[in-house]
Amino acid sequence: MESGDDPCKTLAKSNTRHKCAACFKQYKKREHLIAHMKISHHSVHQPKCGVCQKHCKSFESLREHLTGPLAKRTCSEIFAERGCKFCMRIFDSPDEHQEICCLPAPAPLGTMEMTCTEYLIYDPPENIEYGSEAIAMDCEMVGGGSDGTLDLCVRVCLVDEDEKVIFHTYVLPPIPVTNYRYEITGIKESHLRDAMPLKEVQEKILQILYNGESIGIVRLNGGKARLLLGHGVQHDLDCLRMYYPDHLLRDTAKYPPLMKTNLVSHSLRYLAKTHLGYDIQSGMHDPYEDSVSVMRLYKRLRSQKHQARQMNLLLSSARSTPSSTNGYDWSYKETENMNPDELFDLSKPNYKCWCLD
């Protein structure tokens with residue numbers, strides 16, 4: 001130590017902690033904080049504690065922060081008095097708000113038998129502009145193959161944002177069914193006797209989704225094509241042997257805020273109970289019930305208002321250049337002089353928030 005150095009200031013400097021402005025983790029060295037921000041993908045779109053403003057990767061981690069065994073005491077006490085256990089926000093009158101968040105379970109369609117000519121489909125008026133209106137889809141699977149483990153779609157249901165059925169039919173699978181999985185699907189051989197051929201089902205679903213838009217525009221930017229929602233929606237499309245562009249898919253099983261802390265998918269049954277307040281799939285699965293639950297989850301998260309942080313965009317663009325890591329070149333030397341708030345402003349989410357739809 002040089003003779004002119006103040007030992008107290010030197011000790012204080014050595015004990016300085018660098019705190020993340022989003023998740024509040026602390027680091028001994030600034031470069032460790034910068035390294036954390038490179039991979040964290042923090043943003044205003046992450047679930048946030050209404051008390052301490054901590055950002056969490058998912059609603060499950062936010063729930064642990066507020067109600068878990070290691071919950072922060074101040075946050076836990078305030079949330080217990082004024083928090084909504086469904087949307088995880090703080091309100092002056094939480095009881096009145098929970099009546100809005102806690103929804104009644106949709107009435108299932110059941111397993112009524114219908115012929116190929118009796119499928120349900122809704123033709124919207126030609127004058128209506130739908131834009132990015134969303135459609136929720138759910139399929140029921142039976143088993144094919146020698147051991148009955150190959151998933152075959154035999155029933156499909158599509159609902160609109162008003163929870164109205166716009167398409168529902170039984171589907172004739174391309175190969176024989178070896179396991180009807182009756183305990184789960186409620187489907188018997190008689191349901192498929194006059195079922196609609198798979199090719200015709202594909203055409204009608206794409207007609208609804210494309211909404212009169214050309215294939216080229218749909219694959220480029222979507223145009224007026226509709227968003228397709230589902231829980232494991234890519235698996236449903238695979239079983240229907242259909243393709244729909246990724247940028248028009250919204251999956252409640254793969255949306256990071258709805259996933260577990262370890263990025264494993266929750267079941268739709270868990271999500272409906274935890275976020276909507278009702279039970280589904282307690283017996284036989286119903287595609288209408290599942291479709292409506294997916295639609296309600298999507299609409300609730302889409303309606304969230306994420307207030308943008310006050311950031312200096314000119315400063316941010318001047319200090320960073322596009323990169324494959326979190327959208328910016330974090331190795332640029334000027335990041336060393338940024339405070340935690342400025343580092344947070346540079347961080348970008350690794351998913352598209354549904355509030356931007």
Side-chain angles (χ1 to χ4, degrees), residues 21-24 40-67 75 78-79 82-104 131-136 159-163 222 226-231 233 247-261 263 265-266 268 270-278 291-311 327 344-345 347-357:
C23 66
F24 303 159
S40 64
H41 297 284
H42 287 311
S43 78
V44 296
H45 299 287
Q46 291 179 319
K48 182 175 67 173
C49 174
V51 182
C52 70
Q53 308 302 308
K54 176 183 177 180
H55 291 255
C56 301
K57 289 186 176 180
S58 65
F59 283 103
E60 181 176 76
S61 57
L62 175 58
R63 199 176 300 276
E64 292 176 356
H65 168 74
L66 292 170
T67 63
C75 298
I78 295 177
F79 182 79
R82 300 165 48 201
C84 172
K85 64 180 181 180
F86 300 113
C87 67
M88 308 301 293
R89 292 186 291 172
I90 305 296
F91 297 91
D92 293 332
S93 302
D95 293 336
E96 295 180 6
H97 170 79
Q98 284 195 24
E99 294 179 1
I100 301 175
C101 266
C102 184
L103 302 176
S132 59
E133 181 196 19
I135 300 294
V159 301
D160 62 12
E161 294 195 15
D162 295 324
E163 302 180 7
R226 297 177 170 106
L227 299 175
L228 179 60
L229 323 178
H231 190 78
V233 65
H247 64 271
L248 294 176
L249 300 180
R250 302 292 183 267
D251 196 338
T252 53
K254 300 296 183 182
Y255 190 54
L258 292 178
M259 299 176 75
K260 298 180 181 180
T261 305
L263 297 181
S265 301
H266 277 296
L268 182 58
Y270 171 86
L271 294 177
K273 181 65 175 179
T274 305
H275 295 272
L276 304 176
Y278 59 80
S291 297
V292 170
S293 298
V294 167
M295 178 61 74
R296 290 176 176 178
L297 286 167
Y298 170 75
K299 290 174 65 177
R300 176 160 296 178
L301 295 181
R302 184 183 63 180
S303 65
Q304 290 184 323
K305 305 298 182 183
H306 296 135
Q307 185 176 0
R309 289 167 53 85
Q310 296 296 324
M311 65 177 71
F344 185 22
D345 290 342
S347 183
K348 302 296 179 184
N350 58 349
Y351 64 92
K352 179 184 177 181
C353 182
W354 291 348
C355 77
L356 301 176
D357 288 342

For [X], check side chain to side chain contact (heavy atoms under 4.5 Å, CB included) against everything at least two apart and list the hits.
{"X": "F24", "value": "K19, C52, K54"}
{"X": "P256", "value": "Y351"}
{"X": "M259", "value": "L263, S265"}

*Is there a donor-acceptor contact under 3.5 Å linking the side chains of K48 and Q53?*
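Side chains of K48 and Q53: pair found under 3.5 Å.
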
Those residues that, when tested against [X], pass side-chain hydrogen bond (donor to acceptor under 3.5 Å, both in side chains) (two or more places apart):
{"X": "H231", "answer": "T252"}
{"X": "T261", "answer": "E60"}
{"X": "E64", "answer": "none"}
{"X": "H45", "answer": "H306"}

With [X], which residues qualify under ring pair (Phe, Tyr, Trp, His ring centres under 6.0 Å), at least two apart?
{"X": "Y270", "result": "H266"}
{"X": "Y278", "result": "none"}
{"X": "F79", "result": "none"}
{"X": "F86", "result": "none"}

Minimum heavy-atom separation for [X] and [Y], please, with both atom names.
{"X": "G83", "Y": "I90", "value": "CA-CD1, 4.0 Å"}
{"X": "P47", "Y": "F59", "value": "CG-N, 3.8 Å"}
{"X": "R296", "Y": "E163", "value": "NE-OE2, 2.8 Å"}
{"X": "V294", "Y": "A136", "value": "CG1-CB, 4.4 Å"}
{"X": "I100", "Y": "R300", "value": "O-NH2, 3.8 Å"}
{"X": "V159", "Y": "M295", "value": "O-CE, 3.8 Å"}

*Check whether any side-chain N or O of E161 sits under 3.5 Å from a backbone N or O of A134 as a donor-acceptor pair, and report yes or no.*
yes

*Over 60° means perpendicular and under 30° means parallel, so classify the ring planes of W354 and Y255, tilted if in between.*
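Rings of Y255 and W354: parallel, under 30°.
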
*Could you give all pairs that pass the salt bridge (Lys or Arg N to Asp or Glu O under 4.0 Å) test and reach residues 248-260, with sequence neighbours left out?*
R250-D357

*Measuring from H55:NE2 to S347:OG, what's the distance to the nearest 0.5 Å?*
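One gets 10.0 Å once the value is rounded to the nearest 0.5 Å.
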
*Distance (rounded to the nearest 0.5 Å) between I135 CD1 and S291 OG*: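 It comes to 10.0 Å.
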
*Yes or no on side-chain contact (heavy atoms from CB on, under 4.5 Å) for L276 and L103, after CA distance, side-chain angles and deciding distance?*
CA-CA 6 Å; L276 304 176; L103 302 176; 4.2 Å; yes

